[in-house]
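Structure record follows, encoded as structure tokens.
Chain identifiers are assigned alphabetically (A, B, ...) following the order of the sequence lines, protein sequences preceding nucleic acid strands; residue numbering begins at 1 within each chain.
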Amino acid sequence: MPVRMRTALVPSATLPLAACAGRQSALDPQGLQSGEIFHTLSVFLIVAALVWIAVVIVLGLSMLRRKRAADQPLALHQPFERASGRVIFVLGLATLVIVLGLSIVSYAGQRTVFAKVENALTLKIIGHQWWWEVRYEDDSPARSFVTANEIRIPAGKPVKVELESADVIHSFWVPSLTGKMDLITGQKNELQFTAKNAGVYRGQCAEFCGLQHAHMAFAVLALPPDEFGRWRDHENESARDPADQLGRLGEQLFRARGCALCHSIRGTLAGGQLGPDLTHVGSRTTVAAGTLPMSPATLAAWIADPQHIKPGNYMPKMPLQSDELIAILHYLEQLK
Amino acid sequence: MSIVAEQRELRDDALNGLQLSTRLENLWRTPSGFFGALASVDHKVVGRRYIVTAFVFLLLGGVLAVLMRVQLAGPEKTFLSADKYDQIFTMHGSTMMFLFAVPVMEAFAVYLVPLMVGTRNIAFPRLNAFSYWMFLFGGCFLWISFMLNVGPDVGWFAYVPLSSLQYTPTKRPDVWAQMITFTEVAALAVSVEIVVTVFKLRAPGMTLDRIPLFVWAMLVTSFLVMFAMPSIMVASTSLILDRLVNTRFYDSSSGGHPLLWQHLFWFFGHPEVYIIFIPGTGMVSMILATFARRPVIGYPVVILSLIATGFLSFGLWVHHMFVTGLPQLGAGLFTASSMLIAVPSGLQIFCWLATLWDGRPVYRTPLLFVLGFIVIFVIGGLSGVMVASVPIDTQVHDTYFVVAHFHYVLIGGAVFPLIGAVYYWFPKIAGRMLSERLGRWHFWLAFVGFNVAFFPMHILGLIGMPRRVYTYTADMDWAHLNLLSSAGAAIFAISFALLLVNAIHSLRSGALAGDNPWDASTLEWATTSPPPPQNFDRIPIVKHRDPLWFDNESLPVVAGLSVERREVLMTSLAEAEPQVREASPEPSIWPLLTAIATTVFFIGSIFTPWAVLWGTPPMAVTLIGWFWPSGSKEDEE
Ligand code: HEM
Ligand SMILES: [Cu+2]
């Protein structure tokens, strides 16, 4: 499809649709890829609307048409039969042409969306029931670290995510940045995207993955590149030692009460591998994979009874006294 | 013995009208009493049961749909737990696809095809009875499991590894996998019967280009069933083997692959949609011709479109897998081939529009549903073209956009024609008319309710709502559209209650229908309503595509069939020239017993692989009973 047509069509489509912008909307593209997909979608939508309107008009006219006298029970007109044969043939051809045209538009969009980008920041994302493991890997192990449920990227720079699954099939989807891609056991998929502007974009698992599929979201924070650099340097550091007595108690309880069986905190003895890494948990924006916004209250509610917030998830309710809970909470909040 | 054989048996040409009907009626009647009814092999009796059962499943699936819509009507509702919601959407999808949509189309075919082609019974009537029992038992098995809280909960496509033993250790996926096998056995049996009935039992003179369009549609559908269903049987059997005896078909850690499941599933699952939709188009063609008062324009075009749709539907399964990381070029080609299917579908729609244009439409309820079908289905088809595009699909796949799309296709493309068909053929089946006034109310509520329920889902999907989520938070901006959608679903559900009321009322006190209340043109209207057990006193001879319109006097008939034993007339494949008189089986209880034995075998095998050993002897015994030669009656299949 010629580019001219696309640019001519798009603004008219954008206006009514842009009103539908939401927190994770394909209609409010904020990335290079999602923008390209939005163009393709707009062309399809317009063609579809025109075709549908044409059909409905013909249907309406055929119903309104004044028909010949009603004396004969059957209406049969040989000439009409022949003429309509020709019309049907032409319309069939037109359908074919439209369909081929749309295929070409689609393929052009597909090539742009999946074009390989050079020098992309590469992350590895591993889907778990029901949270996201995010690995920032680097040639030097000292500059590699793991985090969870939140992806920070430099705005305006291409990013490549390598997708894998630790259990069932999940699907990585940030509609405002690009379309989705599945995470499949035993297979490595990848997806690339570029956020045009700094901002927070919500993403969500799109493939049904069991009980808490509804609560498997994440946040993508696109930061200005130098801020991203600073964040990365900071994130790369191990957890800071707790600053006060209560915090130190919290750290001990974290291990003594079994939290460390599943969670790691870099720089401490906590090295569990089953749950999200908590090294800098205090600086994340959500609790429980996008389920609740991060705050002392929500974090406390989660630790006190994770099964209440996300029934069926794999974090058990730990037997904690309320003063123990306060200490652990105090400790985690300091992990910024 | 030999003397008897040499005597010329009594033929229908020796009897006059009334004598003949009484004699044939006694010969073909379903035996009286409870056990007699269970033994029936009359395609009309079985077909009626099949239709009613499928509608009961529609009702059950519909109740689940309403429950889901209640849960989703607002953010963070706690009406259903996550666990219940997962079971409910899986049960809804499985019930609608496997226990309603496919069976109901086959049920209509079981009832109508033999009448439309002018024969006395379907081919293999005992297999037909068996098929119904298998369907009934499979459906009950699934629903009883659900009531006992073992309803499947991994989606109607049960993707591995989620449905594997490791991630779903309960019996739920086993129940699902065995239910598949039940319904596939039933569906395969019916499609074999339909193909043979259409190929060999057509009335003399019904050449290939005189076959009614619904029959053509069912013929194509039957072939689709025969080619698509084995794939899902392989898939679900491998799944159950993985789960029960520890094979590794889908386990990527030991050389299997989860995508194998998806390929097998969608190689069946895509044609499945057409298995539901093509019969719908057949119904549309029949209803449209009758109420536009003229034959459908472009009869050969419609048939070629049906066949082309059937072929193409096998080439498209990959468009369900665009986001699984397939090679990009291949995915691009599947885009083109998927969109290509718009061409035959489009051609059919153009033919129908031309027919309406040239006809003199009579706006009765069945036609209203067909008009509604065109308006809705075109939207579903066009959103299908969008979903077929790789870049667009990466956004809308597994979102409510897709939920909207396939409900426009399934409800618009199949349920609307089907409801039209209910209004259209009810008089033939029940002998009484449905109320026109209630019918119109039903149509308008259904049309409005449907669109209010499903149109907003397109937008919901585009603004980010994934499907199969049991809840969402208030800050996602999805609440208003969801509430609207739930309100629409309620209206839609109420409209179906009207159909129920209408049917019950009409069965008791509807106006008597007479043989041909709509002044239609095909053979099922050439007999009484409801038809007698023998369908036709004398087999008609067909000289036109629309015999009741163009054979101005009475239909010519064949003479010479036996009135001492059940006989059908076999004709040649293309020209439908009479070939032989063929015995048609007597009623028998064995198909039921065989189905019971098979059910025990299938269900047992969920719990122990040993069921394969102890489950087969009863099946063998019942099958021997079924096929036991019964003296001189020559009624084996
Ligand atoms: C009252 C009418 C109906 C309503 C309100 C309705 C509603 C829904 C909803 C809300 C879902 C999405 C569940 C989710 O993704 O969380 C769904 C799924 C589905 N529906 Fe319907 N539906 C209706 C009728 C039908 C009919 C007639 C059919 C088929 C002929 C059908 C086939 C399906 C299928 C196959 C699924 C997918 C299930 C899955 O994801 O495993 N529905 N329906
Ligand atoms: Cu997931």
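The two residues Val343(B) and Gly92(A) have their closest heavy-atom pair at CG1-O, 4.2 Å. Taking all atoms of both residues into account, the shortest heavy-atom contact from His213(A) to Arg467(B) is NE2-O, 3.4 Å. Across all their heavy atoms, Leu211(A) and Ala82(B) have their closest contact at O-CB, 3.7 Å. Annotation for Thr335(B) and Ser106(A): closest pair CG2-OG, 3.7 Å, computed over non-hydrogen atoms. Contact record, Ser34(A) with Gln395(B): CB-NE2, 4.1 Å, taken as the closest heavy-atom pair. Nearest heavy-atom pair, Arg65(A) versus Asp358(B), reported as atom, atom and distance to 0.1 Å: NH2-CA, 4.2 Å.
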Between Lys180(A) and Thr399(B), is the side chain to side chain contact (heavy atoms under 4.5 Å, CB included) condition met? List the steps. CA-CA 11 Å; Lys180(A) 62 184 71 64; Thr399(B) 70; 4.0 Å; yes
Please walk me through it: do Gln24(A) and Met465(B) pass side chain to side chain contact (heavy atoms under 4.5 Å, CB included)?
CA-CA 8 Å; Gln24(A) 59 180 33; Met465(B) 181 159 164; over 6 Å; no
Handout entry: Working for side chain to side chain contact (heavy atoms under 4.5 Å, CB included), residues Leu340(B) and Leu96(A)
Key = CA-CA 7 Å; Leu340(B) 223 52; Leu96(A) 186 66; 3.8 Å; yes
Before giving the answer on side chain to side chain contact (heavy atoms under 4.5 Å, CB included), spell out for Val385(B) and Phe44(A) the whole-Å C-alpha distance, their side-chain angles and the decisive distance to 0.1 Å. CA-CA 8 Å; Val385(B) 170; Phe44(A) 274 65; 3.9 Å; yes
- Check against side-chain hydrogen bond (donor to acceptor under 3.5 Å, both in side chains), Tyr470(B) and Gln212(A): CA-CA 9 Å; Tyr470(B) 74 101; Gln212(A) 282 303 332; 3.2 Å; yes
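Of all the listed residues (Leu191(A), Val113(A), Ile169(A)), the one sharing the greatest number of non-hydrogen pairs under 4.5 Å with chain B is Ile169(A). Ranked by heavy-atom pairs under 4.5 Å with chain A, the list Gly298(B), Gly256(B), Gly381(B), Pro258(B) is led by Pro258(B). The choice from Glu190(A), His215(A), Met216(A) that makes the most heavy-atom pairs within less than 4.5 Å of chain B is His215(A). Ranked by non-hydrogen atom pairs under 4.5 Å with chain A, the options Phe350(B), Tyr159(B), Trp478(B) are led by Phe350(B). For the set Leu93(A), Ile184(A), Asp167(A), Val58(A), the entry with the most heavy-atom pairs within less than 4.5 Å of chain B is Asp167(A). Chain B forms more heavy-atom pairs under 4.5 Å with one residue of Ala217(A), Gly186(A), Ser103(A), Gly312(A) than with any other, namely Ser103(A). For the set Cys205(A), Gly203(A), Pro175(A), the count of heavy-atom pairs under 4.5 angstrom toward chain B peaks at Pro175(A). When each of Gly464(B), Ala336(B), Ser521(B) is scored by its heavy-atom pairs under 4.5 Å with chain A, the top score falls to Gly464(B). Counting heavy-atom pairs under 4.5 Å between each of Ile98(A), Leu163(A), Leu59(A), Val55(A) and chain B puts Leu59(A) at the top.
With a 4.5 angstrom heavy-atom cutoff, Leu481(B) does not touch chain A via any of its atoms. Using a 4.5 Å cut-off between heavy atoms, Gln262(B) contacts chain A through its side chain alone, with no backbone atom that close. Contacts of Gln204(A) with chain B are made by side-chain atoms alone, with heavy-atom separations under 4.5 Å and no backbone atom involved. Proximity to chain B involves both the backbone and the side chain of Asp182(A), based on heavy atoms less than 4.5 angstrom apart. Heavy atoms closer than 4.5 Å to chain A are found in the side chain of Ile374(B), but not in its backbone. Neither the backbone nor the side chain of Thr355(B) comes within contact range of chain A; no heavy atoms are under 4.5 Å apart. Interface remark: Gln33(A) contributes no atoms to any contact with chain B (heavy atom separation under 4.5 Å). Residue Thr185(A) touches chain B through both its backbone and its side chain, counting heavy-atom pairs closer than 4.5 Å. Residue Trp173(A) touches chain B through its side chain alone, counting heavy-atom pairs closer than 4.5 Å. For Asp393(B), the part lying near chain A is the backbone, with the side chain staying farther off; criterion is any non-hydrogen pair under 4.5 Å. Heavy atoms of Asp251(B) lying under 4.5 Å from chain A are absent altogether. Residue contact with chain A, scored on non-hydrogen atoms closer than 4.5 Å, involves the side chain of Ser252(B) exclusively. With a threshold of 4.5 angstrom between heavy atoms, Pro311(A) approaches chain B through side-chain atoms but not through N, CA, C or O. Only the backbone of Thr178(A) has a heavy atom closer than 4.5 Å to any heavy atom of chain B.
With values rounded to the nearest 0.5 angstrom, Ile392(B) atom CD1 is found 9.0 Å from Ile37(A) atom CD1. Note that the OG atom of Ser25(A) and the CG atom of Asp477(B) stand 9.5 Å from one another [nearest 0.5 Å]. The SG atom of Cys351(B) lies 3.5 Å from the CD1 atom of Ile88(A); values are rounded to the nearest 0.5 Å. To the nearest 0.5 Å, the span separating CE on Met476(B) from CZ on Arg202(A) amounts to 4.0 Å. To the nearest 0.5 angstrom, Thr324(B) atom OG1 is 6.5 Å from Gln187(A) atom CD. Between the CG atom in Leu367(B) and the CE atom in Met63(A) there is a gap of 7.5 Å [rounded to 0.5 Å].
Evaluated for a ring pair (Phe, Tyr, Trp, His ring centres under 6.0 Å) with Phe208(A), the options Trp156(B), Tyr167(B), Phe89(B) yield exactly one hit, Phe89(B).
With contacts defined as side-chain heavy-atom distances shorter than 4.5 Å, the pair Leu91(A)/Leu347(B) does not qualify. Leu333(B) is not listed as a side-chain neighbour of Tyr107(A), based on a closest heavy-atom distance of 4.5 Å or more. No side-chain heavy atom of Met181(A) sits less than 4.5 Å from a side-chain heavy atom of Thr394(B). A 4.5 Å side-chain heavy-atom check between Leu162(B) and Gln129(A) finds at least one atom pair inside the cut-off.
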